Amino acid sequence: MVNLSTKIGSLTLANPIMPASGTFSEDLSEVLDLHQLGAHVTKTITAEKRGGNPTPRVCEVRGSMLNSIGIPSKGVQHFIDNTIPFYNAYDVPLVVSISANSADEFARICEQVSVPGVAAIEVNISCPNIEEDGKAFAMRPSTTTAVMEKLRSASDLPLWAKLSPNTGETIEVALAAEEAGADALVVANTLLSMAIDIHTRKPKLGNLMGGLSGPSLKPIALRMAYQCAKSVQIPVIGCGGISTVEDIVEYLIAGATAVQVGTATFINPNIMVTLLGQLETYLETRNIANLSDLVGSVRDEDAADAVVFMETAP
Amino acid sequence: MVNLSTKIGSLTLANPIMPASGTFSEDLSEVLDLHQLGAHVTKTITAEKRGGNPTPRVCEVRGSMLNSIGIPSKGVQHFIDNTIPFYNAYDVPLVVSISANSADEFARICEQVSVPGVAAIEVNISCPNIEEDGKAFAMRPSTTTAVMEKLRSASDLPLWAKLSPNTGETIEVALAAEEAGADALVVANTLLSMAIDIHTRKPKLGNLMGGLSGPSLKPIALRMAYQCAKSVQIPVIGCGGISTVEDIVEYLIAGATAVQVGTATFINPNIMVTLLGQLETYLETRNIANLSDLVGSVRDEDAADAVVFMETAP
Amino acid sequence: MSLIQRHTAGEVSPANGTTHEVETTVKSNTPVNGEYRLLTLDAPQSVLDCQPGQFFHILCPVTTTEQPYLRRPMSIYGYSAEKGELQFLYKVTGEGTRALATLAKGDRLNVLGPLGVGFTIQDDWQNLLLLARGVGLATLAPLAQEAQRLNRKLVAICSARNADVLMSIDHFKSLGAEVITVTDADGTSDLENLRAIIEGRIADQGVDAMYTCGSNRMLKLLQEIGATHNIPGEIALEQQMACGLGMCQCCVRSFNREGTITQERVCREGPVFGIEEAMAW
Amino acid sequence: MSLIQRHTAGEVSPANGTTHEVETTVKSNTPVNGEYRLLTLDAPQSVLDCQPGQFFHILCPVTTTEQPYLRRPMSIYGYSAEKGELQFLYKVTGEGTRALATLAKGDRLNVLGPLGVGFTIQDDWQNLLLLARGVGLATLAPLAQEAQRLNRKLVAICSARNADVLMSIDHFKSLGAEVITVTDADGTSDLENLRAIIEGRIADQGVDAMYTCGSNRMLKLLQEIGATHNIPGEIALEQQMACGLGMCQCCVRSFNREGTITQERVCREGPVFGIEEAMAW
Ligand SMILES: Cc1cc2nc3c(=O)[nH]c(=O)nc-3n(C[C@H](O)[C@H](O)[C@H](O)COP(=O)(O)OP(=O)(O)OC[C@H]3O[C@@H](n4cnc5c(N)ncnc54)[C@H](O)[C@@H]3O)c2cc1C
Ligand SMILES: Cc1cc2nc3c(=O)[nH]c(=O)nc-3n(C[C@H](O)[C@H](O)[C@H](O)COP(=O)(O)OP(=O)(O)OC[C@H]3O[C@@H](n4cnc5c(N)ncnc54)[C@H](O)[C@@H]3O)c2cc1C
Ligand SMILES: Cc1cc2nc3c(=O)[nH]c(=O)nc-3n(C[C@H](O)[C@H](O)[C@H](O)COP(=O)(O)O)c2cc1C
Ligand SMILES: Cc1cc2nc3c(=O)[nH]c(=O)nc-3n(C[C@H](O)[C@H](O)[C@H](O)COP(=O)(O)O)c2cc1C
Ligand code: FES
Ligand code: FES
């Protein structure tokens, strides 16, 4: 019997596999036993009702996908009345993802969802900060600090800061989030991308650009997860392109204490449970008693001082 | 007969297809007729002799690759004595890629390679700036301006600035390069990534991290090429993940006036010539007389004002 | 006022918990004409409790030349729990369907379904009319099977470019449907002729409900006729899909529900919607 | 002093301009034992002017479960311009070779080659000795063919875990080579026994040149023996490759050339190097 449990700060998860925000909903219970997941992570909600972006909202690129859904939201009250009770029927920690366009609004919804039945709040700071120049909070350490400090004072629940791969300052942003009181980092969100239909010459997404997710994102998000795990003391949750048990093991070795599975669930709705079984077998056959023995076990001694200079790889 | 020629500032290329730096050398003449290319772009060289990075220098990721070659260089004199004469046997513009760790060194080698037989200089500003904090010049507009201004005064040849996808400030960097006198932008270099061998738990690259190239990079580099073409007046040369004629057409529609093909040549050494034939057929069958009719023809009217706010795509 | 009682977002429970991701085996995969192919699968019972209008989300194979990533939604063309059989009629259009076309007898295929909310045949609807063109036939065909089972009368108006690409005529006939064919080549497929045919049926035999699929033109035609004669109808819609299960919210379309524009997920609240609430696009 | 005159980076022109990217057709692809398979291709004449020790860069097929991206380097195991045939002996290890293993007669396979610089057999080398283990046999096998053509004597020392996975013994014998087998199971494959066998050959028949492949242990052994007896030798090396053509500079290894450490590309200056200059790793 291997011990698959993992600790994200004060929170202990039965296993390290959870869904990524926006790629999961109550609907998955039709196919999969939601009890088996390490946590339930809900689609990002905003305080106000929102319609979301124009269609088409997804398109396929070679071996991966782009999306620009745009956080359609029924509003926070609908969420509290309907979604939280649904998940509370399960004995699995509920993680609520929130977002807003300004730091104050962000703090307000953070407070609003700090209710019983919620185990942690994932703060999707990859959304544009309309008070500044429209760049997402997570693009710069300064805006990350500003919003995280307000969020920190708005709730006593664990706060997971979800970072963006669009920044050129991953480590600085990670440190800023930690400094301002984040309890964990989720690394990472989607990467801004584009595809054009060459027949119509129109962008394939109604919103022109969208976020890359799926296998193509993995080497990038893994690099970020590694950089973050090396730089901060708080737990890092790996996310991006996971679709095999080898991917999960790779993230754990890189230093992630848990992982989120997103797009792969669209391809194989059962995949999170399949991966859980495979992870258990993996550890068993290698006589690894505790999942935590894998975490951060990367053998990077040889190259360790190269890291600093590897801001780019020509 | 369609007109495949394209203008990159003062330079006219017979066709828009050229190799990407570092994925091409004299050796390809064994397989392919180098006369057929729109330009010849050489591997980045540095002034001094350099050994390059530890092996393994490449690894495979799902549908793409990582590399960390590290600019091994025989030095500028060897290049002038051997490489330039080789390419001058062809009636194809020669583009020389250069790099350095400081702005002054960069200017020096720029001057050194400004010799007859060189049609343009590609400045690989995606390399770390060791005078600052080790981040690549192309990570920030300020460092881009600083190095580009020195380069501009060092040579009268056309300067193509090669941008990095690692920055969170693509448009600002593009504008800085233009402002400082770049004649064209090459968009983009590889994206910092990582892969770990789960059996040995060692990074798959000797240098720990490396750059992602190949199909996975395409939606990201295409987005950047589009953003740049919308923002600057100078020509944009698209680069990243091109492996089909549809990919080329997509870059052209997005606003690129020419393209560079990199990793795809490793998969199919003949691909640049194959693509050239396919591009000609594509234009012919659609009665597009001039390649330039395709350039920038993206139909983004509907969504145009969304662009500004699409710094991230949650 | 909505003529047909439909699920709203809150109370949906499609497929009654019968959605499964399963491996099937290809029985046959044969060309129907130059563009369309019929795929017959050996499928487990767990996914064969289907409703006409529902769909499956298909994991197309990957080959050296075709590398589809997302699943592809396909209407159920035929299903039989007795034979353990599932059928799709598909048009070879892009990477995914080209990959599907490579499947041979004995190959495995992963499918997810049945998904979504299918067509309704209310108890008092005796005379059914369906209007189909192109791939719409695939979606509407199982309605004929269900009509026969429920002992209703069905007339199928089948439209196509020319007689060569008219499909499933025999299929409809064998299921007891009356078939009217119209083609562009004959000049019989224009809207005014269709209107005349349908108005004629309404006047002669009466029509209790109308069904269609896909096209804007047909939607508008049936909306007009339905409004004039107070005849309910249903339409199966398409939209780009990622999850197919209701999770990603990418597949929304706008609907006019009692004056308010709402967005509904085609994969979950649909793909079948009331004709009167569907909005032309 | 370098015992063998080798190409240096400047003057390399491998394959004499005979490198081509071509489509071949699989003639057969059969298991040799539990781990190895022999792939025989119908290949065009343009790529059949090969030298022992050269390699091809193979574009493995893509399937739903295996999706290799880069090409995979494989030594030429057999080539015959008369038969229009090219052969590879490969070990199924990862994604690419698993994909290769799925190829069936009639399937197409894109290969690039012949690549690199092969083995040398100088005019005055009459008694050749090769030392091979595992997949090294694939690389060294064509040397026997060439030795026969040039009428030289060849002794092949073949090493393996046990007798079951000893390969190509008959192949070597049919090409007139003398074969000595050693196995871990018999306890005959250890370095000291190998040293004794080779020293014995040198004392009895004499050895003019030694060839090996891959392993550090064997490299060191032959370097020692070569230095002691002043016998030249060659080794075929491996390294991760992307282009296979000399463009990307990823496949370098370090060599000791007259006291200076230089880096050479395995795909271009190699894969065959002088034993005395190769460095253990
Ligand atoms: C509920 C539903 C039922 C369908 N039933 C059938 C059917 O029975 N037979 C049939 O031939 N076709 C049907 N379609 C359309 C079918 O899904 C597309 O033709 C198919 O996805 C095209 O995939 P492709 O890779 O060949 O084409 P590509 O154009 O290469 O596809 C690119 C992407 O666009 C998506 N896409 C393309 N066309 C459509 C479309 N019309 N609707 C939704 N997504 C699309 C694909 O799924 C894919 O993600 C149905 C669509 C929906 C939504
Ligand atoms: C010049 C040369 C000749 C070779 N000849 C043969 C041969 O005749 N028979 C044979 O079985 N093998 C041979 N190899 C080794 C063969 O290339 C690898 O076994 C094969 O690439 C493994 O691919 P994979 O996808 O199955 O394994 P994976 O381990 O999944 O491969 C992952 C990546 O590592 C690379 N890689 C893995 N092992 C090696 C290796 N030993 N050398 C270089 N790259 C490697 C692969 O090419 C691929 O890019 C040769 C290697 C070289 C360099
Ligand atoms: C359709 C879709 C919707 C998403 N919505 C959200 C969201 O609302 N909030 C968020 O933080 N991330 C969202 N994401 C990003 C995912 O949570 C995840 O970070 C990303 O997809 C990378 O993981 P993956 O490659 O496993 O999908 C969304 C991703 C997809 C594909
Ligand atoms: C092996 C390798 C070496 C490279 N070396 C360089 C280099 O020296 N200078 C440079 O500017 N870009 C270099 N690049 C980046 C390519 O020029 C190109 O920007 C990148 O690979 C994206 O294009 P692709 O996806 O078509 O390969 C290299 C890429 C690879 C794969
Ligand atoms: S396809 Fe995901 S919600 Fe409909
Ligand atoms: S593999 Fe590219 S230089 Fe050898």
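Predicted model, so just to flag it, every value in this text is computed and none were measured. Throughout, a chain's letter reflects where its sequence line sits, starting with A, and its residues are numbered from 1.
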Q: Could you tell me which non-hydrogen atom of B/P72 sits nearest to which non-hydrogen atom of B/K43, and how far apart they are?
A: CD-CE, 4.3 Å
Q: Return the minimal non-hydrogen interatomic distance between B/I242 and B/Q260, and the atom names on each side.
A: CD1-O, 3.8 Å
With a 4.5 angstrom heavy-atom cut-off, could you sort out which part of [X] is near chain B: side chain, backbone, both or neither?
X      : answer
A/Y282 : side chain
A/V61  : side chain
A/L66  : side chain
A/S297 : both
A/I220 : both

(Q) Assess whether a salt bridge exists between A/E284 and A/R286, defined as any Lys/Arg side-chain N lying under 4.0 Å from an Asp/Glu carboxylate O. (A) no
Q. Would you call B/K202-A/D300 a salt bridge at under 4.0 Å N-O?
A. no
**Q.** Between SG on residue A/C239 and CG on residue A/N189, distance to nearest 0.5 Å
**A.** 7.5 Å
Highest number of heavy-atom pairs under 4.5 Å with chain B: which of [options]?
options                        : result
A/R62, A/E250, A/K218          : A/E250
A/L217, A/L222, A/L212, A/T170 : A/L222
A/P165, A/S193, A/A221, A/G22  : A/S193
A/S213, A/P219, A/S243         : A/P219

(Q) Is a donor from one side chain sitting under 3.5 angstrom from an acceptor on the other, for A/S97 and A/N124? (A) no
Q. Does a side-chain heavy-atom distance below 4.5 Å link A/E169 with A/R140?
A. yes
